[in-house]
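Working notes for the structure below.
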Amino acid sequence: MSKVITPRGEDAARWYTDVVLRSELADYSPVKGCMVIRPQGYALWERIQGALDARFKETGHQNAYFPLFIPESFLHKEKAHVEGFSPELAVVTIGGGKELEEKLVVRPTSETIMYSMFAKWIRSYRDLPLLLNQWSNVVRWEMRTRLFLRTTEFLWQEGHTAHATEPEAEAETLKILDLYYDFAHNQMALPVLKGLKSEQEKFAGALRTYCIEALMQDGKALQAGTSHNLGQNFSKVFDVKFQNREGGTEHVWQTSWGVSTRLIGALVLGHGDDAGLILPPALAPTQIVVVPIWKTDEEKSTVRQTVEKLIDSLAPHVRIHADLREEVSPGFKFNEWELKGVPLRIELGPRDLAKGQVMVASRLDRRKEPVPLGELVVKLPELLAQFQRSLYDRALKFRNDNTRPAGTYSEFKEQIETLGGFFEAYWCRNSQCETKIKEETKATIRCIPLDGQDGEGACLFCGSLSRTRVILARAY
RNA sequence: CGGGGCGUAGCGCAGCCUGGUAGCGCACUUGCUUCGGGAGCAAGGGGUCGGUGGUUCGAAUCCACUCGCCCCGACCA
């Protein structure tokens with residue numbers, strides 16, 4: 001493997017692949033379109049899982065697990081759903097050497113199999129709300145794949161809830177959207193827009209799809225999470241009914257929502273640079289790496305002793321790792337840990353020992369500052385918190401600098417090509433205008449932002465007066 | 001599926017045009033010296049040249065077919 005990553009300015013696509021492969025997040029698999037998530041990448045996923053799972057539990061959700069295989073007929077019950085997913089299904093036709101009576105679909109998402117069970121479990125309003133989440137893999141036979149951003153099989157979480165009333169379902173949909181928004185900001189250090197998807201872009205089978213939408217450093221948008229209000233679309237076809245307080249029978253109101261391993265791609269594209277990954281401290285499996293430096297055997301033993309004491313005192317407070325390998329030089333380690341995105345690095349050598357200090361280097365700007373040994377326990381958590389803020393601020397500044405009014409349609413067409421980024425415009429809500437824009441510019445309406453819908457303007461395409469403000473961008 | 005590119009050592013590549021029995025860098029092994037931004041020297045190990053068939057005294061090299069991967073477009077988290 002080459003020693004350096006292809007510079008982003010030279011080839012952004014190659015840069016992304018280089019970073020993912022070289023930082024050992026993932027590797028290509030023998031199966032086309034699939035990937036192997038390596039220990040580095042999986043550790044990151046586990047941190048994402050941990051943070052989200054805690055939030056789901058705090059908001060009253062329970063985890064469960066439903067089967068990988070779904071009877072083909074289930075998919076066909078909801079018209080829009082089957083039309084949306086048919087082209088990308090993997091289907092099992094043979095089991096145990098025999099042709100199956102009914103084909104089994106490998107789940108592309110679990111609405112249908114879950115709700116067939118909901119129908120069995122829900123009888124009364126007392127059984128509601130039912131708040132479930134599942135961590136699983138799903139398969140969607142994509143034509144074109146990219147590590148983490150779009151693979152044939154991916155890992156995700158899918159929440160599925162059932163409620164007694166429409167307002168309750170809508171409240172749940174928005175509660176999860178807020179949860180995702182908060183997670184993106186505070187854990188991933190990525191500013192995201194909360195918005196509503198257009199009819200064309202919404203989930204197959206949903207009433208409404210809300211999303212969080214992020215802007216990557218190459219000027220392309222990335223859908224980072226979705227929360228759907230399913231209304232009664234599925235409960236009607238799966239006959240998920242309950243008896244209300246008044247004794248009448250109603251279909252439940254449902255939601256589903258998810259985020260996937262795509263979030264790892266968002267971290268790479270959102271924060272990385274030509275030296276590799278940059279991980280937010282809140283999610284970094286290793287927050288601080290210690291690189292000891294020595295020349296003589298005598299120095300080696302004193303440095304090592306100090307490092308061991310350091311680790312013992314700091315390990316309860318921060319996720320810290322000492323790189324004691326002797327077969328590679330300190331300089332090599334600096335580069336390697338920077339590639340892997342570890343936020344802070346402590347350098348500790350004879351010169352530092354003499355002064356009773358260490359050098360602390362930040363992955364953000366690669367600057368180093370001396371910190372007295374005795375102050376580390378207090379100072380390191382502060383530096384990590386500061387790192388987290390700075391990383392977010394930098395991403396926010398980037399987004400602000402790359403969000404602009406679309407202007408006239410011809411101005412927009414030119415700028416989407418030359419500048420990229422988010423464009424603000426008004427849209428008449430006519431899907432023909434939306435399609436035309438997409439065909440002519442490759443940009444899509446990313447969302448109708450929930451904030452700032454109080455003005456009015458001319459539709460970007462047809463010019464008719466509109467009160468719907470939208471964000472457009474080219475997207476992953 | 002359309003367009004472009006590539007398959008030669010674990011990785012990145014040269015060699016191919018003009019056939020003569022395979023080479024470079026990194027990585028790996030051993031030893032010594034090193035270690036504050038990808039260490040140096042020395043000695044080693046490792047390849048059915050993607051596959052099949054053909055041309056030829058002889059094929060990594062020429063011809064035909066085939067398989068696979070990557071990138072760009074149409075579908076999508």
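Letters go in sequence order (proteins before strands), and every chain restarts at 1. None of the values given here were measured: they were computed from a predicted structure.
A 3.5 Å limit on both hydrogen-bonding distances identifies no Watson-Crick or G-U partner for B/G36. Base pairing of B/C24 is made with B/G12, judged by Watson-Crick or G-U wobble geometry with both donor-acceptor distances under 3.5 Å. With a cut-off of 3.5 Å on both pairing distances, B/A59 has no Watson-Crick or G-U wobble partner at all. Under the Watson-Crick and G-U wobble criteria, each requiring two contacts below 3.5 Å, nucleotide B/C69 is paired to B/G5. Of the nucleotides present, B/A43 is the one that pairs with B/U29 by Watson-Crick or G-U wobble criteria, both distances under 3.5 Å. Nucleotide B/A64 is matched to B/U52 when pairs are restricted to Watson-Crick or G-U wobble geometry with both distances under 3.5 angstrom.
One can place CD1 of A/Ile48 at 14 Å from C1' of B/A77, the figure rounded to the nearest angstrom. In this entry the distance linking CD of A/Glu327 with C1' of B/A27 reads 13 Å, nearest Å. Rounded to whole Å, atom C1' of B/C69 lies 16 Å from atom CZ of A/Arg146. One interatomic measurement links the two molecules: CH2 of A/Trp294 to C1' of B/A39, which rounds to 15 Å at whole-angstrom precision.
Distances were taken from every side-chain heavy atom of A/Asp352 (C-beta onward) to each of B/G36, B/A74, B/C70; the shortest belongs to B/G36. The side chain of A/Tyr28 lies closest to B/C71 when the candidates are B/C71, B/G37, B/C35. Considering only side-chain atoms of A/Phe154, the nucleotide from B/A77, B/G36, B/A74 that sits closest is B/A77. Relative to the side chain of A/Pro330, the nucleotides B/C35, B/G38, B/A77 differ in distance, and B/C35 lies closest. Closest approach to the A/Glu88 side chain among B/A39, B/C71, B/C75 is made by B/C75 (side chain taken as heavy atoms from C-beta onward). Set against B/C35, B/C75, B/G36, the side chain of A/Met143 has B/C75 as its closest nucleotide. Proximity note for A/Glu347 (side chain, C-beta onward) versus B/G38, B/G36, B/C35: the nearest is B/G36. Each of B/C35, B/A77, B/G38 was ranked by its minimum atom distance to the side chain of A/Glu142; first place goes to B/A77.
Nucleotides B/G31 and B/A59 place their P atoms 43 Å apart, quoted to the nearest Å. Nucleotides B/U29 and B/G45 are separated by 7 Å at their C1' atoms, to the nearest Å. For the P atoms, the distance linking B/G15 with B/C71 amounts to 25 Å, nearest Å. Separating the C1' atom of B/C62 from that of B/G3 is a span of 27 Å, rounded to the nearest Å. B/G19 sits 9 Å from B/U56 when the C1' atoms are compared, rounded to a whole Å. Nucleotides B/G47 and B/C28, compared at atom C1', are 15 Å apart to the nearest Å. Separation of the C1' atoms belonging to B/A39 and B/A60 is 36 Å when rounded to the nearest angstrom. Taking atom P in both B/G2 and B/U61, the straight-line distance is 27 Å, to the nearest Å.
A/Glu199 has no carboxylate O lying under 4.0 Å from a charged side-chain N of A/Arg429, or vice versa, which leaves the two without a salt bridge. We find that A/Arg363 and A/Glu338 are not joined by a salt bridge, their nearest charged nitrogen and carboxylate oxygen being 4.0 Å or further apart. Between A/Lys333 and A/Glu336 there is no salt bridge, since none of the side-chain N atoms of the basic residue sits less than 4.0 Å from a carboxylate O of the acidic one. Using a 4.0 Å cut-off between charged nitrogen and carboxylate oxygen, A/Lys300 and A/Glu326 count as a salt-bridge pair. A salt bridge links A/Arg474 with A/Glu417: the distance from a Lys NZ or Arg NE/NH1/NH2 to an Asp or Glu carboxylate oxygen falls below 4.0 Å. Contact check on A/Arg325 versus A/Asp323 returns a salt bridge, with a Lys/Arg side-chain nitrogen under 4.0 Å from an Asp/Glu carboxylate oxygen. Between A/Asp218 and A/Arg8, no side-chain nitrogen of the basic residue sits less than 4.0 Å from a carboxylate oxygen of the acidic one, so the salt-bridge criterion is not met.
In terms of position along RNA chain B, the nucleotide closest to A/Thr296 lies nearer the 5' end than the nucleotide closest to the other residue of the pair A/Lys438 and A/Thr296. Mapping A/Tyr476 and A/Val358 onto RNA chain B by nearest heavy atom places A/Val358 closer to the 5' end of the strand.
As judged by a 4.0 angstrom heavy-atom cut-off over every strand, A/Glu336 is placed among the base-contacting residues. If you check every strand for non-hydrogen atoms under 4.0 Å, A/Arg345 touches a base. Within the nucleic acid shown, A/Thr226 has no heavy atom closer than 4.0 Å to any nucleic acid atom. Contacts of A/Gln223 with the nucleic acid, taken as non-hydrogen atoms under 4.0 Å apart, involve only primed sugar atoms and P, OP1 or OP2. Residue A/Lys368 is in base contact, counting any heavy-atom pair closer than 4.0 Å across all strands shown. Contact annotation for A/Thr151: base contact, defined as any heavy-atom pair under 4.0 Å involving a base atom. Looking at heavy-atom distances under 4.0 Å, A/Leu149 makes contact with a base.
The heavy-atom pair separating A/Met216 from A/Phe398 by the smallest distance is O-CE2, 3.3 Å.
Residues from residues 266-288 of chain A with heavy atoms under 4.0 angstrom of RNA chain B: there are none.
Taking the ring pair (Phe, Tyr, Trp, His ring centres under 6.0 Å) definition, one finds that A/Tyr16 meets it with nothing, sequence neighbours left out.
Ring pair A/His321/A/Trp337: centre-to-centre distance below 6.0 Å.
The shortest distance between the side-chain N/O atoms of A/Ser329 and the OP1/OP2 oxygens of B/A39 is below 4.0 Å.
Side chain A/Glu338 to base B/G37: a donor-acceptor pair is found below 3.5 Å.
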